[in-house]
> 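I'd like to ask some things about the structure below.
Letters A, B, ... are given to chains in the order of the sequence lines, protein chains preceding strands, and every chain is numbered from 1.
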Amino acid sequence: MDIYEKIISLAKRRGFLYPSYEIYGGEAGFYDYGPIGVLMKNNIENRWRQFYLIKERFFEISTPVITPYNVLKASGHVDEFIDEIATCQKCGASFKIEDLENEHCPICKGNVEKGKLNLMFETFIGAKKKEKAFLRPETAQGIFINFPFLYEFYRKKLPFGVIQIGKGFRNEVSPRQGVIRLREFSMAEAEIFFEPNNKKHPKFKEMENEKLKLITEKDEEIFISIGEAVNKKIIGNEALAYYMALTKKFLIDVGIDENKIRFRQHKKDELAHYANECWDAELYSERFGWVECVGIADRSAYDLKAHMEYTGVDMRVFKKYEMPKKIKKKIIKPRMDKIGKKYKEKTKEIIKKLKEIEIKEKIEKLRIKIGEEEIELDKELFEIEEVEEVISGEKFIPHVIEPSYGIDRIFYFILEHNYKEIEKEGEKYVILSLPASIAPIKVGVFPLVNKDGLPEIAKEIEEDLRKNNIIAFYDDKGSIGRRYARMDEIGTPFCVTVDYQTKNDDTVTIRFRDTTEQIRIDRKEVPTWIANKL
RNA sequence: GCGGGCGUGAUCUAGCUGGUUAGGAUGUGAGCCUUCCAAGCUCAAUGCCCGGGUUCGAAUCCCGGCGCCCGCACCA
């Protein structure tokens with residue numbers, strides 16, 4: 001059995017993960033989180049909030065999974081997600097149609113069959129009059145389309161960030177490798193809006209010495225501080241670099257092995273349609289090699305611009321100059337009475353066109369195009385006037401930096417990186433060395449033996465811990481060693497044991513998962529002691 | 001999606017050249033025992049992925065589906 005098989009087996013046996021719909025034969029690309037798995041997944045997401053909501057001061061929103069057609073048409077997903085593919089009927093190989101030179105398979109010259117590959121799940125809104133829709137392929141669009149509200153909420157100041165944790169859906173061609181490639185998955189995304197020419201982060205100074213292992217676009221591997229990487233223009237801007245370093249900190253915090261993290265830059269041809277620079281945090285698996293778990297992308301103005309063009313809603317922000325600029329310019333003042341009389345219903349269109357024309361020199365005649373028709377305006381139909389205009393600022397579409405985390409993959413890697421097998425009296429013994437903050441169950445509470453009032457005291461302690469919002473687990477089955485082993489296997493960091501000494505001096509032992517060492521403390525201090533370790 | 005391998009209680013597996021009640025280990029439950037690391041004893045529950053075919057008879061052979069794994073393709 002290799003590490004992946006061991007983990008999947010453990011995960012199923014101990015209630016972390018179950019294959020979805022198993023009694024119906026299973027469904028590829030879907031996994032259920034069991035009782036222990038949900039506790040751990042929630043802990044990962046809450047640690048993520050600790051970083052982004054608490055420390056970065058971003059607010060979280062929650063938007064629908066079902067997304068109308070137009071939204072994803074505008075964002076480019078409808079066109080970019082539905083690939084035209086060709087499949088060879090002879091050898092079975094598939095190609096993108098644009099890679100095909102003629103109607104024959106480039107490998108075996110067999111005939112090809114053309115078809116569509118739809119990566120988004122389709123659905124419909126409404127029972128009678130059906131509007132086409134999709135399950136969202138990313139949570140980000142929900143944030144972008146709320147930009148005008150959010151900009152108002154943040155009192156019209158850049159930069160600001162908005163986060164969302166939720167489900168995303170991609171109808172993968174062939175999902176495999178368990179929770180690594182799912183059709184329905186959890187993602188945690190932050191969208192941070194910047195002025196296009198000022199992608200600096202206020203806390204960059206604190207982070208600039210953080211070192212990252214980078215694989216650049218040219219496939220060079222370097223170990224470099226983010227400060228230096230930005231200086232040398234290896235990473236495009238401070239904001240990207242900051243969130244890369246923050247991502248590393250987060251991953252280590254939730255239990256990822258520091259030596260198994262690297263950041264790989266997307267090459268030009270693998271960039272998503274919306275991104276102009278992207279770094280993936282990749283984690284190393286003994287089974288799968290390096291796997292992308294976080295994408296940190298500079299999406300530029302792509303999304304806001306797309307929604308603005310599609311809906312006509314202004315997604316621009318206004319920035320005041322420090323000193324208002326005064327400029328002189330010539331404008332066209334149309335003689336409305338004359339134009340109206342001459343062109344009647346076309347007047348509106350003509351005025352609109354005139355506003356777009358820039359005047360530099362004196363002119364006698366104006367030529368404009370309305371549809372196919374060319375119209376010439378004589379000089380008695382307009383006047384040229386020189387005016388002084390005060391411009392107090394400018395409007396622009398903000399740029400977006402987006403760290404996007406695949407929660408399920410991180411979940412798997414935490415298990416893999418913390419899975420330890422040791423020998424204990426000749427037998428295989430499994431310990432999951434999860435960080436206390438991530439551990440599904442925080443503390444096991446046991447009576448040393450099942451008599452003489454010890455179980456009652458242990459139950460009181462468990463109750464006491466739960467009153468303090470600590471997930472504690474009471475167990476009196478089997479021997480004490482077996483109970484410790486059960487807790488070690490699901491990563492419970494501490495076990496409290498009530499013994500005969502407890503009856504004399506009201507102290508209990510606390511046993512540490514990774515060292516099996518024990519200390520003795522007053523039983524009343526147990527909840528506070530545990531809480532301080534989480 | 002194509003090709004190959006595989007599918008036995010919750011887990012790991014024996015059986016698979018067709019033939020009694022499908023065997024073991026781990027785990028689980030009940031009870032006994034037990035003064036700190038998967039001890040022991042007694043008892044119990046839980047299984048041949050689904051469907052069709054061949055046959056007197058299928059876990060076993062054949063076909064289809066589903067799932068898992070590997071390779072190719074795909075992974076915005």
> Go nucleotide by nucleotide along RNA chain B from the 5' end; which of A:Glu22 and A:Arg511 gets its closest nucleotide reached first?
A:Glu22
> When rounded to the nearest Å, what value does the distance between C1' atoms of B:rC68 and B:rC49 take?
11 Å
> Checking side chain to side chain contact (heavy atoms under 4.5 Å, CB included) against A:Cys293, which of A:Ile410, A:Thr247, A:Ile180 comes through?
A:Ile410
> Name the orientation class of the two ring planes belonging to A:His77 and A:Tyr274 (parallel below 30°, tilted from 30 to 60°, perpendicular beyond 60°).
tilted
> Looking at residues at least two apart in the chain, or sitting in another chain, which of them share a ring pair (Phe, Tyr, Trp, His ring centres under 6.0 Å) with A:Tyr302?
A:His273
> What orientation do A:Tyr52 and A:Tyr405 show, parallel under 30°, tilted 30 to 60°, or perpendicular over 60°?
perpendicular
> Quote, to the nearest angstrom, the P distance that separates B:rG52 from B:rG71.
35 Å
> Check every strand shown and say whether A:Leu454 touches a base, only sugar-phosphate, or nothing at a heavy-atom separation below 4.0 Å.
nothing
> Is there a donor and acceptor pair, one atom on the side chain of A:Gln518 and one on the base of B:rC36, closer than 3.5 Å?
yes
> Can we say A:Glu286 and A:Lys6 salt-bridge, meaning some charged N sits less than 4.0 Å from an Asp/Glu carboxylate O?
no
> Reckon A:Tyr429 touches a base, only the sugar-phosphate, or nothing at all at heavy-atom distances under 4.0 Å?
base
> Side chain of A:Lys477 only, please: which of B:rC75, B:rC70, B:rA30 is the nearest?
B:rA30
> Could you give the distance separating B:rU46 and B:rU28 at their C1' atoms, to the nearest angstrom?
9 Å
> Think A:Lys12 has a side-chain N or O under 4.0 angstrom from the OP1 or OP2 of B:rA10?
no
> Taking only distance into account, with no hydrogens and no angle test, what donor-acceptor pairs under 3.5 Å do side-chain atoms of residues 524-534 of chain A form with protein atoms, sequence neighbours excluded?
unit_1	atom_1	unit_2	atom_2	d
A:Lys524	NZ	A:Asp506	OD2	3.2
A:Asn532	ND2	A:Thr528	O	3.3

> Output yes when at least one side-chain N/O atom of A:Arg13 is less than 4.0 Å from OP1 or OP2 of B:rU28, else no.
no
> Rounding to an integer number of angstrom, what distance separates B:rU60 and B:rU54 when you compare their C1' atoms?
13 Å
> Could you check how far CZ of A:Phe512 sits from P of B:rC37, rounded to whole Å?
18 Å
> Counting heavy atoms from C-beta on, name the nucleotide in B:rA38, B:rC70, B:rC74 closest to the side chain of A:Arg176.
B:rC70
> Is it true that A:Asp298 and A:Lys199 make a salt bridge, defined as a side-chain N closer than 4.0 Å to a carboxylate O?
yes
> Report the nucleotide, chosen from B:rA73, B:rA38, B:rA10, that has the shortest atom-to-atom distance to any side-chain atom of A:Ser174.
B:rA73
> Run A:Thr507 and A:Asp522 through side-chain hydrogen bond (donor to acceptor under 3.5 Å, both in side chains) and show every step you take.
CA-CA 4 Å; A:Thr507 61; A:Asp522 198 294; over 6 Å; no
> Sticking with atom C1', work out how far B:rC63 lies from B:rU20, rounded to a whole angstrom.
30 Å
> Can you tell me how far C1' in B:rU8 sits from the matching atom in B:rC16, rounded to whole Å?
10 Å
> Taking the minimum atom-to-atom distance to the side chain of A:Val173, which one of B:rC70, B:rC74, B:rC36 wins?
B:rC74
> Contact class for A:Gly76 (heavy atom, under 4.0 Å): base, sugar-phosphate, or nothing?
nothing
> Between A:Lys132 and A:Glu122, is the closest basic N to carboxylate O distance under 4.0 Å?
yes
> Mind checking if A:Phe185 touches a base, just sugar-phosphate, or nothing, with heavy atoms under 4.0 Å?
nothing
> Among A:His399, A:Glu277, A:Lys305, whose side chain to side chain contact (heavy atoms under 4.5 Å, CB included) with A:Ser300 holds?
A:His399
> Which pairs, protein N/O on one side and nucleotides 12-15 of chain B N/O on the other, fall under 3.5 Å?
none

> Pairs in or reaching into residues 434-450 of chain A: which pass side-chain hydrogen bond (donor to acceptor under 3.5 Å, both in side chains), with residues at least two apart or in two chains?
none
> Check nucleotides 62-67 of chain B against the protein and report each pair of N or O atoms closer than 3.5 Å, with its distance, or say if there are none.
unit_1	atom_1	unit_2	atom_2	d
B:rC66	O2'	A:Gly25	O	2.9
B:rG67	OP1	A:Ala28	N	3.3
B:rG67	O4'	A:Gly25	O	3.2

> Would you call the rings of A:His307 and A:Phe144 parallel, tilted or perpendicular, taking 30° and 60° as the class edges?
tilted
> Are any protein N/O atoms closer than 3.5 Å to N/O atoms in nucleotides 32-34 of chain B? If there are, list each pair with its distance.
unit_1	atom_1	unit_2	atom_2	d
B:rU34	O4	A:Asn450	N	3.3

